[in-house]
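See structure below.
FYI, the numbering just counts along the sequence from 1. Just so you know, ligand 1 is whichever comes first in the structure, and atom 1 is the first atom listed for that ligand.
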Amino acid sequence: KEEGRKQYRHFNKTLQEKTEKAHLLTQELRLAVINQQFEVLYQPILSISDLKIHKAEALLRWHHPELGMVSPADFIPLAETSGMIIDIGNWVFQQAAEQVKKWQSSYDQHFQISVNRSPAQFQSSVSKHDVIWLNTLLQLSLKHGICIEITEGLLLDDNEEIKETLKKFRSAGVAISLDDFGTGYAALSYLTKFELDYLKIDRAFVMNLESSAQNQALCEAIIVMAHKLGLKVIAEGVETQEQLFILEAAGCDYAQGYFVSKPISHLLFERELASQDPF
Ligand code: C2E
Ligand code: CA
Ligand code: CA
Ligand code: CA
């Protein structure tokens, strides 16, 4: 009993600590927006057919003056619950849109940058936010070049409003990518109910491809299924040459991961794009 009480106290304390930490971090996050402590990094996405880079994913970084680099895995959830994800997400989108415009005109007219969009950014109360994105695309006359990454959870309840929003973006030339495929829900019916362009196989299926016959079978089946539905496939978290070979043999279209490159600053990315032998 004594043991149990101790454990309970311990649990309670860590829970309290966690809540306090989250609260503090949320306050800091408000300042981060004002004080411009954010940076967008770009991770190259390798086209397996020509071994070139025509795409990148925009990934947000927070440089906190005392805490150093705070991981998006820690602050994105806080940004979502506090509603700050709207302003932060708009900022990321603006950065990515301006960046892709530049890279399209100086390196590759088909260059594309994908931007993550959380379910919180699809709530009807924030549909004004869609207008901001669509206006930015118009102002920069970016007919193509942006891809939005969404997660499976968003598509689960066959929501008409979300369908409409995705349609609006698609008719503005925005591609839609289904992120983290395979980790969320087993329902596959939504794949036919929404118009999607890319499917991203989650890192969990890619990380041990060399040693796991099961994961290899899953990757192969996902690629065949996606192609039959007219989707291109991006494998996430590719860390070794061996994994890339297996994915190539399975007909995968794109690879993203540390084997190609970590997420890097726009300056570094530009240098790579300008060189003869990218990445
Ligand atoms: P995600 O969208 O699944 O992004 C991929 C994550 O995997 C990134 O983590 C990336 O750095 C990491 N990664 C890429 N290649 C490898 C690899 O080979 N091995 C390993 N171990 N990891 C790899 P990151 O940058 O820490 O971002 C974490 C998550 O935070 C993202 O997961 C995304 O859900 C969210 N996020 C990041 N930026 C934004 C943003 O601007 N808006 C929103 N709404 N979410 C964002
Ligand atoms: Ca993503
Ligand atoms: Ca992902
Ligand atoms: Ca993820």
*asked:* Set out, in order, the CA-CA distance, both residues' side-chain angles and the distance that settles salt bridge (charged side-chain N to carboxylate O under 4.0 Å, His left out) for E195 and K167, then state yes or no.
replied: CA-CA 8 Å; E195 285 180 65; K167 255 196 207 137; 5.5 Å; no
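At a 4.0 Å heavy-atom cut-off, ligand 1 does not touch M207 at all. By the criterion of a heavy-atom distance under 4.0 Å, the side chain of P263, and not its backbone, is placed next to ligand 1. Using a 4.0 Å cut-off between heavy atoms, R61 contacts ligand 1 through its side chain alone, with no backbone atom that close. At a heavy-atom distance under 4.0 Å, atoms from both the backbone and the side chain of L60 approach ligand 1. The proximity of Q256 to ligand 1, defined as any non-hydrogen pair under 4.0 Å, does not occur for either the backbone or the side chain.
Results of the side-chain contact (heavy atoms from CB on, under 4.5 Å) test with D179 over D202, I148, L154, N116 single out N116 as the only residue that passes. Evaluated for a side chain to side chain donor-acceptor pair (under 3.5 Å) with Q256, the options R203, E57, E236 yield exactly one hit, E57.
The Ca ion (ligand 3) has an N, O or S atom of D179 inside 3.0 Å of it. In summary, an N, O or S atom of E149 is located under 3.0 Å from the Ca ion (ligand 2).
Rounding to 10°, one obtains 90° for the angle at the Ca ion (ligand 2) between OE2 (E57) and OD1 (N116).
Atom-to-atom distance recorded for S189:OG and F194:CZ is 9.0 Å, nearest 0.5 angstrom.
In this structure, a donor-acceptor pair under 3.5 Å is present between the side chains of S118 and E80.
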